[in-house]
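In what follows, every chain begins at residue 1, and chains take the letters A, B, ... in the order their sequences are listed. Basis for what follows: all heavy atoms, side chains included, without hydrogens, waters or symmetry-related copies. Only a predicted model underlies this, so the values are computations on that prediction, with no experimental measurement involved.
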Amino acid sequence: MLFRLQNTLTRQKEAFAPLAPGRIGMYVCGVTVYDYCHVGHARVCVVFDVVQRTLRHLGYDLTYVRNFTDVDDKIIARANANGESVESLTERFIQAFYEDMDRLDCQRPDIEPRVTTHMGEIIDMVQQIVARGHGYVVASEPVPVNDQPMATSDVYFSVESFPTYGSLSRRVQEDNADGASERVSFDGRKKDQRDFALWKAAKPGEPWWPSPWGPGRPGWHIECSAMACKHLGGAFDIHGGGKDLVFPHHENEIAQAQAATGDAFAKHWMHNGFVTIDSEKMAKSTGNFFTIRDVLARFHPQVLRYFLLTAHYTHPLNFSDKAMDEAAKRVLNVYEKLAQADELLARQPTAATGKPPAVVEVAQAELMEALCDDFNTPRALAALSEPITVLTAALAKPKAAGNMECIAHVRGFIARAADLLGVFQYPAAQLSELIVELARDSMFPPGSEGLAWVLDKMRERDTARSDKNWARSDELRAELLQGGVEVRDTREGSMWRPRLAID
RNA sequence: GGCGGCAUGGCCAAGUGGUAAGGCAGAGGACUGCAAAUCCUCCAUCCCCGGUUCGAAUCCGGGUGCCGCCUCCA
């Protein structure tokens with residue numbers, strides 16, 4: 001199946017064609033590991049996780065590469081502030097990253113390169129750039145090594161030498177610098193203010209690596225050029241990351257890689273929009289953010305993942321309690337239906353044989369079309385609605401002819417959708433309990449036993465109801481509601497689920 | 001100052017030339033010990049102005065508003 005993809009480079013939605021038939025190389029900019037990740041980071045990972053799942057489902061042989069930046073100014077500053085080594089700091093936050101992503105059900109990329117293990121490739125690339133006349137070396141202050149001053153240099157990329165510079169972000173640098181110049185200090189060491197560092201001379205107290213230019217470390221952008229080319233070759237299919245990386249990071253990546261290899265570098269550039277709070281970009285530097293673990297302390301990971309897929313990946317997505325409550329409600333609604341279906345199917349095993357109902361065929365096609373249309377996840381999620389409505393109707397009359405088969409077919413469809421989207425794949429019957437457990441601090445009366453408290457009250461209420469003690473029953477319902485639990489009575493008995501307040 | 005994005009019902013959000021998906025919330029009815037759930041019914045003409053077209057939320061021009069990048073940033 002052909003799919004279409006928005007390409008930042010051409011500003012158009014293009015029919016995708018891999019460079020090599022059946023194979024796709026994809027590089028996505030990962031995180032700088034000096035702190036816990038926020039919801040914005042979660043979005044990139046979830047978005048490209050869906051991309052990954054979809055491409056594999058379509059039968060492509062995908063190589064997905066996502067890096068960790070484990071040397072950089074902020075990392076060094078944080079490590080110094082903590083009084084710990086760079087390695088211990090980065091290792092800690094790489095593990096924290098994995099914990100967060102595992103909870104969000106993001107599958108691991110095939111290759112996760114780190115800057116510190118690619119110094120050879122980085123140095124080679126800088127040498128190539130200089131050799132081809134696109135970089136220059138500027139002597140720096142000698143740096144003490146083993147108490148001996150050691151000569152060292154910076155290496156810069158020469159933007160002037162590279163006429164196609166700016167093709168991704170479409171900026172004319174002279175104009176670009178105009179209004180921004182107040183914020184950017186003039187660096188007299190550079191031949192041209194547009195030039196950027198390929199290699200930074202070591203400074204006292206900083207980690208460094210030996211190089212042809214003396215002790216130093218890589219500039220920010222060169223790592224991705226070098227690691228992408230190493231693992232995917234000089235030309236590959238897809239490069240992704242957040243919109244904020246378009247300029248200068250990705251622009252510089254292109255210039256460096258093309259200057260070094262003479263090859264095309266990435267063909268399709270995918271950029272995801274920001275997660276915002278009150279429409280303002282979520283960002284560490286401004287303090288305007290929630291960490292993933294903050295959010296997961298209050299909402300089930302499935303709720304966050306679902307929320308992150310409710311808008312198209314290129315658009316901004318506004319994070320709020322209300323939006324999360326809405327997502328939670330929808331996720332619970334769906335899981336509730338799935339739980340009923342699973343219970344019924346367990347009692348009365350039914351194979352999804354024969355021709356699927358029309359709704360399922362239509363929805364299946366719509367699901368794939370939506371994902372192949374630039375990974376339109378809101379459309380994909382909408383495709384689940386009609387089958388779920390049909391499922392609900394069938395669940396109400398399981399004995400009617402064909403209804404069990406219908407339930408089995410819809411259940412199978414949701415499971416296939418879950419494989420692609422990474423939501424609705426959990427054992428449905430446990431979900432509301434899981435959500436309650438995660439939310440226990442805010443949901444239950446202080447000092448209560450959480451889930452046990454709910455189950456106690458529910459049991460007491462069952463007794464009252466069987467005695468037709470309606471007054472006591474209603475009293476208990478009110479207590480439970482106070483405790484954040486909604487009760488509902490059915491023919492099969494009383495059920496409960498977390499109460500979600502939505503304005 | 002340069003470059004770019006967005007503006008759809010109460011809220012969120014699809015839709016890129018043929019007469020507005022989906023979610024959440026709301027109203028009325030059925031059902032129910034009550035309350036839910038469920039079922040049925042109802043709830044928008046797409047920021048403003050002008051243009052192209054038989055026909056535009058969708059294309060063009062001009063506004064207004066919000067946001068982003070140009071410094072670290074997913």
Using a cut-off of strictly less than 4.0 Å, decide whether A:Lys281 has a side-chain nitrogen or oxygen near OP1 or OP2 of B:rC69. yes
Does a donor on one side chain and an acceptor on the other come within less than 3.5 Å for A:Arg497 and A:Asn333? yes
Could you pull out the closest heavy-atom pair between A:Leu245 and A:Cys29, with the gap in Å? CD1-CB, 3.6 Å
Polar contact flag, side-chain donor to acceptor under 3.5 angstrom, A:His118-A:Glu223: no
My understanding is that only one of A:Val390, A:Val410, A:Leu391 makes a side chain to side chain contact (heavy atoms under 4.5 Å, CB included) with A:Val360; could you say which? A:Val410
In what stems does RNA chain B take part, counting only runs of at least 3 consecutive Watson-Crick or G-U pairs whose two distances fall under 3.5 Å? B:1-7 with B:64-70, B:10-12 with B:22-24, B:26-30 with B:38-42, B:47-51 with B:59-63
Remember a base hit wins even if backbone is also touched, and classify A:Thr314 as base, sugar-phosphate or nothing at under 4.0 Å, heavy atoms. nothing
Phosphate contact (B:rG15 OP1 or OP2) by A:Asn376 side-chain N/O below 4.0 Å: yes
Sugar-phosphate, base or nothing in reach of A:Gly273, heavy atoms under 4.0 Å: base
For A:Arg11, which contact category applies under a 4.0 Å heavy-atom criterion: base, sugar-phosphate, or nothing? sugar-phosphate
So, is A:His312 near the phosphate of B:rC6, with a side-chain N or O under 4.0 Å from OP1 or OP2? no
Within the structure shown, what part of the strands sits under 4.0 Å from A:Ala323 by heavy-atom distance: base, sugar-phosphate, or nothing? nothing
Are there any protein N/O atoms within less than 3.5 Å of an N/O atom in nucleotides 35-37 of chain B, and if so, which ones and at what distance?
residue, atom, partner, partner atom, Å
B:rA35, N1, A:Asp489, N, 3.0
B:rA35, N3, A:Arg477, NH1, 3.0
B:rA36, N1, A:Asp489, O, 3.2

Without decimals, in angstroms, what is the distance between A:Phe274 CZ and B:rC66 P? 19 Å
Contact class for A:Met495 (heavy atom, under 4.0 Å): base, sugar-phosphate, or nothing? nothing
Given the ring of A:Tyr165, does A:Arg194 sit roughly above its face, with NZ or CZ under 6.0 Å from the centre of the six-membered ring and within 45° of the axis? no
Could you tell me whether A:Val275 contacts a base, only the sugar-phosphate backbone, or nothing, with contacts defined as non-hydrogen atoms closer than 4.0 Å? base
Rounded to the nearest Å, what distance is computed from the NE2 atom of residue A:His315 to the P atom of nucleotide B:rU16? 11 Å
For A:Lys200, salt bridge (charged side-chain N to carboxylate O under 4.0 Å, His left out) partners two or more places apart: A:Asp73
What's touching nucleotides 17-23 of chain B from the protein side, N or O pairs under 3.5 Å?
residue, atom, partner, partner atom, Å
B:rG22, O3', A:Ser385, OG, 3.0
B:rG22, O2', A:Ser385, OG, 3.0
B:rG23, N2, A:Glu326, OE1, 2.9

Rounded interatomic separation in angstrom, taking CG from A:Leu168 and P from B:rC69: 16 Å
Check RNA chain B against residues 33-43 of chain A and give the residues with a non-hydrogen atom under 4.0 Å, in numerical order. A:His38, A:Gly40, A:His41
Measuring from the side chain of A:Ala311 (C-beta onward, heavy atoms only), which nucleotide among B:rC69, B:rA14, B:rC67 has the closest atom? B:rA14
Could you check whether A:Glu14 and A:Asn7, counting side-chain N and O atoms only, form a donor-acceptor pair closer than 3.5 Å? yes
Do side-chain atoms of A:Arg305 reach the backbone of A:Asp105 as a donor and acceptor pair under 3.5 angstrom? yes
Do A:Ser158 and A:Asp195 have side-chain atoms, one donor and one acceptor, less than 3.5 Å apart? no
Atom pair distance, as rounded to whole Å: CZ in A:Phe375 and P in B:rA13: 21 Å
Rounded to whole Å, how long is the line connecting atom CG of A:Asn318 with atom C1' of B:rG68? 14 Å
I'd like to know if A:Asp244 reaches the base of B:rG68 with its side chain, counting only an N/O donor and acceptor under 3.5 Å. no
Using a cut-off of 4.0 Å on non-hydrogen atoms, how would the nucleic acid contact of A:Ser279 be classed: base, sugar-phosphate, or nothing? sugar-phosphate
Would you kindly compare A:Gly30 and A:Thr392 by the position of their nearest RNA chain B nucleotide and give the one closer to the 5′ end? A:Thr392
Return each pair, listed once, that meets side chain to side chain donor-acceptor pair (under 3.5 Å) where at least one residue sits in residues 106-115 of chain A; pairs must be two or more places apart or across chains. A:Arg56-A:Asp110, A:Arg66-A:Glu112, A:Glu91-A:Arg114, A:Tyr98-A:Glu112, A:Asp102-A:Arg108
Under a 4.0 Å N-O cut-off, is there an ion pair linking A:Asp419 with A:Arg416? no
Please confirm whether A:Phe97 and A:Tyr36 have ring centers closer than 6.0 angstrom. no
